[in-house]
Amino acid sequence: MTTRTRFAPSPTGFLHVGGARTALFCWLQARKEQGVFILRIEDTDLERSTPESVQAILDGMEWLGLDHDEGPFYQTHRFDRYAEVTKELLAAGKAYPCWCSKERLEKLREEQMAAGLKPRYDGHCRGGAEPVPGVDPVIRFRNPQVGSVVFEDRVRGRIAVSNEELDDLVIARPDGSPTYNFTVVVDDIDMGVTLVIRGDDHINNTPRQINIYEALGATPPQFAHVPMILGEDGARLSKRHGAVSVLQYREMGYLPEALLNCLVRLGWSFGDQEVFSRDEMVEHFSIDDVNRKAAAFDHTKLDWLNQHWMKTLPAGRVATELRPQFEAAGLDPAKGPALEDLVGVQAERVNTLKAMAEASRPYYEDFADFDPDAAKKHLRPVAAEPLQAIRDTLAGLAAWTPEALDAAVRETAERLEVNMGKIAQPLRVALTGSGMSPSIDLTLWLVGQERALARIDSALGFIAERAAQQR
RNA sequence: GUCCCCAUCGUCUAGAGGCCCAGGACCCUAGCCUUUCACGCUAGUAACGGGGGUUCGAAUCCCCCUGGGGACGCCA
């Protein structure tokens with residue numbers, strides 16, 4: 001039987017990293033077994049679901065490259081189907097209407113808590129109750145009262161829960177709209193899902209869902225409950241941990257390859273291997289190897305992986321992701337070196353694309369001032385001669401290539417009998433305004449001949465002006 | 001409160017009774033490389049939560065404790 005997995009987020013917010021990892025695991029397992037990956041939007045909560053969230057989830061999935069084979073299906077389009085199944089259950093006596101008021105239920109809950117019991121519906125209407133005039137009833141599932149539900153979770157192992165712990169859950173509200181525990185079961189049956197991979201906050205729901213499968217005469221799928229992702233402080237990941245939305249990571253300049261790589265290693269490993277390409281993940285991943293412990297999301301590791309992938313991926317691929325960062329930084333890629341060339345030089349110097357765009361500013365637009373510290377240290381009168389010398393050499397250079405530029409700088413230093421530093425540092429400050437940049441040949445290469453000459457002239461002017469002031 | 005789940009360096013993890021006085025990676029520190037900043041390379045610090053068992057032998061199996069998380073909705 002072909003494996004069919006599904007990712008079923010509810011559109012009440014963005015796609016966060018926890019959801020993204022669940023989606024990744026579903027996707028990987030399907031791809032690995034050449035199965036089918038289904039996307040389903042669980043939007044039965046009309047109050048909280050928004051079209052923006054749906055779009056954010058779709059965008060996030062697309063950016064990560066987690067493509068689905070079927071769907072997206074929307075539960076709101078399937079209300080007729082749920083109503084139909086509810087009717088069947090009612091007809092078979094496997095569900096019943098309940099007129100209990102919320103007030104009564106609330107009071108019941110409080111009493112049970114006070115008595116040290118687990119709050120559960122007491123079955124007041126289970127035996128058939130008198131309709132309350134003017135009140136639309138909810139529909140409750142008639143859960144077995146004896147025995148226990150046992151299932152073999154593919155990451156947790158055997159889990160057993162006594163039916164005495166469960167109660168008769170609501171499957172339809174007074175207005176007829178269905179509830180979560182019911183819709184998932186109906187959908188997973190209708191969509192032929194064979195393996196349910198989801199967060200372990202759903203473990204407690206599983207036994208009651210299995211009871212519904214059985215009431216419907218269906219064989220439950222396999223389950224795999226993956227541990228949650230925690231924030232860096234070990235608490236459940238939430239907004240206050242900063243970025244949790246996948247799309248925010250794109251904005252911050254992370255590559256999807258890096259985020260995926262980081263996520264896949266949370267709760268899963270393959271020997272000592274840390275770096276995984278998409279293909280390697282598919283090749284080696286197995287849901288059965290996922291461990292049970294909740295893991296904390298580590299941003300520093302993501303930074304490391306991001307840089308790794310910026311250095312490793314084809315420059316053109318990285319450039320594609322870099323382009324939006326230029327726009328965000330207000331930089332025009334047309335006004336400087338080709339982004340592919342830039343990536344080749346900058347990838348090893350920063351760990352996000354955002355930082356790369358920022359660090360590349362001098363190659364795309366003129367800067368107003370020299371960094372005061374760098375200028376003070378390197379744009380001194382003694383630097384005037386080397387700067388003039390290298391300017392003259394550069395002005396006559398026919399080939400503006402890293403090789404030619406490296407040779408030009410070295411020869412000039414040799415000719416003047418000074419250390420490389422004596423010429424490279426002032427030149428660096430002249431070219432970029434700061435004391436930090438790629439190696440001097442590459443810096444020159446990126447700045448370009450025309451700009452380089454003009455900036456050296458500015459620097460020479462700055463030195464002269466400063467000398468005049470001090471005199 | 002009741003039920004369920006979890007427990008190896010700061011973090012992610014390897015480890016499925018002897019190969020482990022516990023390995024890798026990130027972070028951090030030191031050194032090397034070097035025209036700056038990085039990259040790279042080398043080295044170092046750092047963990048089996050506690051207590052009982054079982055066993056010739058336990059990080060690995062069992063029990064208790066402690067600590068953490070989750071669920072208990074007419075949310076998903």
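Proteins get letters first, then strands, A, B, ... in listed order; numbering begins at 1 in each.
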S.K.: Considering only nitrogen or oxygen atoms on both sides, find all protein atoms under 3.5 Å from nucleotides 60-64 of chain B and state each distance.
M.R.:
none

S.K.: Of all residues at least two apart in sequence or in a different chain, which pass the side chain to side chain donor-acceptor pair (under 3.5 Å) check with A:Asp392?
M.R.: A:Gln388
S.K.: Determine, for nucleotides 23-32 of chain B in 5'-to-3' order, which nucleotides have protein heavy atoms under 4.0 Å from the base (write B), from only the sugar-phosphate (write S), or from neither (write -).
M.R.: BBBS------
S.K.: So, using side-chain contact (heavy atoms from CB on, under 4.5 Å) as the criterion, who are the partners of A:Asp168 when residues are at least two apart?
M.R.: A:Tyr96, A:Tyr121, A:Arg126, A:Arg140, A:Asn143
S.K.: Look at all strands and tell whether A:Leu266 reaches a base, only sugar-phosphate, or nothing, counting heavy atoms closer than 4.0 Å.
M.R.: sugar-phosphate
S.K.: Can you find a donor-acceptor pair, distance only, under 3.5 Å between A:Arg120 side chain and B:U2 base?
M.R.: no
S.K.: Closest-nucleotide mapping onto RNA chain B: is A:Met228 or A:Arg156 further toward the 5' terminus? I mean the 5' end.
M.R.: A:Arg156
S.K.: Could you tell me which residues satisfy ring-ring contact (aromatic ring centres under 6.0 Å, His included) with A:Phe25, sequence neighbours excluded, listed by chain and number?
M.R.: A:Phe285
S.K.: Pull out every residue in residues 413-424 of chain A that has a heavy atom closer than 4.0 Å to any atom of RNA chain B, ordered by number, or say none.
M.R.: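 Within residues 413-424 of chain A, the residues near RNA chain B are A:Met420, A:Gly421, A:Ala424.
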S.K.: Please list, chain by chain and in numerical order, all residues satisfying side-chain contact (heavy atoms from CB on, under 4.5 Å) with A:Lys377, sequence neighbours excluded.
M.R.: none
S.K.: Work out how far the P atom of B:G23 is from that of B:A16, and round it to whole angstrom.
M.R.: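 Between the two P atoms, the distance is 15 Å.
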S.K.: More 5' along RNA chain B: A:Met113 or A:Pro438, using each one's nearest nucleotide?
M.R.: A:Met113
S.K.: Check this for me: does any side-chain nitrogen of one of A:Asp373 and A:Lys376 sit under 4.0 Å from a carboxylate oxygen of the other?
M.R.: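 No, this pair does not count.
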S.K.: Which residue pairs pass the ring-ring contact (aromatic ring centres under 6.0 Å, His included) test when at least one of the two sits in residues 132-161 of chain A, sequence neighbours left out?
M.R.: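 Listed once each, the pairs are A:Phe151-A:Phe223.
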S.K.: Checking A:Arg410 now: which residues fulfil salt bridge (Lys or Arg N to Asp or Glu O under 4.0 Å) with it, not counting sequence neighbours?
M.R.: A:Asp406
S.K.: Can you tell me, in whole Å, how much space there is between the C1' of B:A22 and that of B:A58?
M.R.: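 The answer is 13 Å between these two C1' atoms.
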S.K.: So A:Ile203, base contact, sugar-phosphate only, or nothing? Heavy-atom distance under 4.0 Å.
M.R.: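 Sugar-phosphate only.
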S.K.: Taking side chain to side chain donor-acceptor pair (under 3.5 Å) as the test, write out the residues that go with A:Gln55, two or more places apart.
M.R.: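 Applying side chain to side chain donor-acceptor pair (under 3.5 Å) to A:Gln55 gives A:Asp59.
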S.K.: Among residues 38-56 of chain A, which ones have heavy-atom contacts with RNA chain B below 4.0 Å?
M.R.: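 Going residue by residue through residues 38-56 of chain A, the ones with a heavy atom under 4.0 Å of RNA chain B turn out to be A:Glu42, A:Thr44, A:Asp45, A:Arg48.
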S.K.: Would you say B:C4 has OP1 or OP2 under 4.0 Å from some side-chain N or O of A:Lys118?
M.R.: no
S.K.: Under 3.5 Å, is there a donor-acceptor pair linking the side chains of A:Asn306 and A:Asn261?
M.R.: no
S.K.: Give me the distance, rounded to whole Å, that separates B:U29 from B:G67 when you measure between the C1' atoms they each carry.
M.R.: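 Each nucleotide's C1' atom is 31 Å from the other's.
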S.K.: Using the test ring-ring contact (aromatic ring centres under 6.0 Å, His included), find all partners of A:His202 that sit at least two apart in sequence or belong to another chain.
M.R.: A:Tyr180
